[in-house]
Enquirer: 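This is the structure I have questions about; it appears just below.
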Amino acid sequence: MTPYTPETILGDIVTADPSRTRILDRFGIDYCCHGQRPVGEACAEAQIDVEGLLTALNTETPGARESWADLGDTALIEHVVDTHHRFLWEEFPRMQALVDKVARVHGPNHGELTRVRDVFTKLRGGIEPHLREEEEELFPALTARDGAGDAPLTEELRSALKENMVEHDGAGELLAELRRLTDDYAVPADACGSYVAMLAGLEEIESDLHMHVHKENNVLYPRVLAGG
């Protein structure tokens with residue numbers, strides 16, 4: 001394995017070895033929305049010791065490269081829809097009910113839960129139309145282009161890709177806010193089963209969305225933009 005350095009691009013780390021996301025998460029490094037940055041730049045921005053992060057990346061047992069990393073554009077799109085879109089379509093309604101319930105029951109003793117509910121509702125309200133637009137417009141356009149050889153990328157499609165990536169940034173900010181509000185998803189002493197399930201579900205959504213956005217922002221979309 002080639003050692004990671006301050007010049008290694010974050011997105012390249014995650015594509016080569018998705019298990020490294022656990023290390024990046026532990027150090028508080030954003031690898032999805034801003035995955036095109038080198039490690040050194042990300043650490044400087046987050047005021048994190050780059051040598052400590054590199055030591056962890058270079059010494060902890062590596063995982064296996066996953067099959068999606070070698071998929072072409074159309075196959076990667078199908079993978080994203082079947083894996084990440086399906087998860088969110090199924091999980092958002094369940095989590096909305098949990099978040100609402102926990103805020104109602106535990107809100108008097110945990111004032112932050114009202115804000116958790118509001119932020120989650122905003123996240124869902126932004127992501128669901130985003131998923132629908134990808135499935136009905138953006139992804140079919142990319143799939144059609146994938147079979148068109150060297151056809152140039154239209155300005156309309158180029159603009160749509162860049163706008164899509166900006167929308168991902170907004171989702172990333174809301175996920176960070178949820179993590180902050182829940183103190184890194186720490187379970188309070190008075191938490192009931194629903195409270196515990198809510199925290200676990202929110203963290204699972206965060207983890208899935210980070211990888212979801214990585215596959216689009218750092219793999220699929222740059223590849224399309226570079227080819228057009």
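Quick caveat, the model's predicted, so the values are computed rather than measured. Reckoned from all heavy atoms, side chains included, excluding hydrogens, waters and symmetry mates.
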Enquirer: Please check: side-chain N/O of Asn58 versus main-chain N/O of Pro3, any donor-acceptor pairing under 3.5 Å?
Expert: no
Enquirer: Would you compute the distance between atom NE2 of His130 and atom CD of Glu135 and round it to the nearest 0.5 angstrom?
Expert: 10.0 Å
Enquirer: Is a side-chain donor or acceptor of Ser159 paired with a backbone partner of Glu156 at a separation under 3.5 angstrom?
Expert: no
Enquirer: Write down the atom of Val99, the atom of Arg117, and the distance for their closest heavy-atom approach.
Expert: CG1-CA, 3.3 Å
Enquirer: Please report the interatomic distance CD(Glu134) to CG(Asn164), rounded to the nearest 0.5 Å.
Expert: 4.5 Å
Enquirer: Walk me through whether Glu60 and Arg22 qualify under side chain to side chain contact (heavy atoms under 4.5 Å, CB included).
Expert: CA-CA 11 Å; Glu60 295 192 19; Arg22 296 183 180 87; over 6 Å; no
Enquirer: Using a 6.0 Å cut-off, check whether atom CZ of Arg132 has over 12 heavy atoms from anything other than its own residue.
Expert: yes
Enquirer: Would you say Val81 and Tyr221 are hydrophobically clustered, going by side-chain heavy atoms of ILVMFWY under 4.5 Å?
Expert: yes
Enquirer: For residues Lys101 and Ser194, report the shortest heavy-atom separation together with the two atoms involved.
Expert: NZ-OG, 3.2 Å
Enquirer: With a 4.5 Å heavy-atom cut-off, do Leu53 and Leu24 have their side chains touching?
Expert: yes
Enquirer: Taking the side chain as every heavy atom from C-beta outward, state whether Ile23 and Arg26 have any pair of such atoms under 4.5 Å apart.
Expert: yes
Enquirer: If we ignore angles and hydrogens, is there a donor and acceptor under 3.5 Å between the side chains of Glu7 and Thr5?
Expert: yes
Enquirer: Among side-chain atoms of His168 and His212, is any donor-acceptor pair under 3.5 angstrom?
Expert: no
Enquirer: Looking only at non-hydrogen atoms, find the nearest pair between Pro129 and Arg124 and report the distance.
Expert: CD-O, 4.2 Å
Enquirer: Would you say the side chain of Lys122 lies within less than 4.5 Å of the side chain of Leu174, judging by non-hydrogen atoms?
Expert: yes
Enquirer: For Ala186, is there any backbone N or O sitting under 3.5 Å from a side-chain donor or acceptor partner on Asp184?
Expert: no
Enquirer: Under a 3.5 Å distance rule, please check whether Asp49 uses its side chain to pair with a backbone N or O of Gly52 as donor and acceptor.
Expert: yes
Enquirer: Closest heavy-atom contact between Trp68 and Leu76?
Expert: O-CD1, 4.0 Å
Enquirer: For Asp25 and His210: C-alpha separation, side-chain torsions, deciding distance, then whether side chain to side chain contact (heavy atoms under 4.5 Å, CB included) applies.
Expert: CA-CA 10 Å; Asp25 285 339; His210 280 172; 3.9 Å; yes
Enquirer: Given side chain to side chain contact (heavy atoms under 4.5 Å, CB included), test Val224 with Asp73 step by step and report yes or no.
Expert: CA-CA 8 Å; Val224 172; Asp73 293 353; 3.7 Å; yes
Enquirer: Under a plain distance cut-off of 3.5 Å, with no hydrogens placed, do Glu112 and Thr182 share a side-chain donor-acceptor pair?
Expert: no
Enquirer: What I want to find out is whether Glu167 reaches Lys162 closely enough, with some N-O distance under 4.0 Å, to be called a salt bridge.
Expert: no
Enquirer: Against Met211, only a single residue in Thr83, Val14, Val80 fulfils side-chain contact (heavy atoms from CB on, under 4.5 Å); can you say which?
Expert: Val14
Enquirer: Same cluster for Ile9 and Tyr4 if Ile/Leu/Val/Met/Phe/Trp/Tyr side chains link at under 4.5 Å?
Expert: no
Enquirer: Side chains of Arg86 and Glu90, heavy atoms from C-beta outward: is any pair under 4.5 Å?
Expert: yes
Enquirer: What distance separates Leu209 CG from His214 NE2, expressed to the nearest 0.5 Å?
Expert: 14.0 Å
Enquirer: So how far is it from Leu57 CG to Asp17 CG, rounded to the nearest 0.5 Å?
Expert: 9.0 Å
Enquirer: Donor-acceptor pairs are to be reported for all side-chain atoms of residues 27-40 against protein atoms at under 3.5 Å, with residues two or more places apart or in another chain.
Expert:
| from | atom 1 | to | atom 2 | distance (Å) |
| --- | --- | --- | --- | --- |
| Asp30 | OD1 | Cys32 | N | 3.1 |
| Asp30 | OD1 | Cys33 | N | 3.3 |
| Gln36 | NE2 | Asn218 | OD1 | 3.0 |
| Arg37 | NE | His34 | O | 3.0 |
| Arg37 | NH1 | Glu45 | OE1 | 3.2 |
| Arg37 | NH2 | Asp30 | O | 3.0 |

Enquirer: Strictly by modelled atom types, are His79 and Lys215 linked by a side-chain donor-acceptor pair under 3.5 Å?
Expert: yes
Enquirer: Does a salt bridge link Arg115 with Glu177, judged by any charged N lying under 4.0 Å from a carboxylate O?
Expert: yes
Enquirer: So, applying side-chain contact (heavy atoms from CB on, under 4.5 Å) with Ile77, which one of Leu138, Leu220, Asp82, Leu71 is it?
Expert: Leu220
Enquirer: Might you point out which heavy atoms bring Phe120 and Leu178 nearest each other, and give the distance in Å?
Expert: N-CD2, 4.1 Å
Enquirer: Is there a continuous path of hydrophobic side-chain contacts, each under 4.5 Å between heavy atoms, that joins Trp89 to Leu175?
Expert: yes
Enquirer: Can you list, pair by pair, the side-chain donor-acceptor contacts under 3.5 Å of residues 197-206, counting residues two or more places apart and other chains?
Expert:
| from | atom 1 | to | atom 2 | distance (Å) |
| --- | --- | --- | --- | --- |
| Glu203 | OE2 | Arg179 | NH2 | 3.3 |
| Glu206 | OE1 | Arg179 | NE | 3.3 |
| Glu206 | OE1 | Arg179 | NH2 | 2.6 |
| Glu206 | OE2 | Arg179 | NE | 2.9 |

Enquirer: Quick one: NE2 on His106 to OG1 on Thr114, what's the gap to the nearest 0.5 Å?
Expert: 13.0 Å
Enquirer: I need the minimum non-hydrogen distance between Pro93 and Leu88, along with the two atoms involved.
Expert: CD-O, 4.3 Å
Enquirer: To the nearest 0.5 Å, tell me how far Leu157 CG sits from Arg145 CZ.
Expert: 7.0 Å
Enquirer: When you group the ILVMFWY residues by side-chain heavy-atom contacts below 4.5 Å and let the links chain together, are Leu161 and Ile127 in the same group?
Expert: no
Enquirer: Can you get from Leu181 to Leu98 by hopping between Ile, Leu, Val, Met, Phe, Trp and Tyr side chains that sit under 4.5 Å apart?
Expert: yes
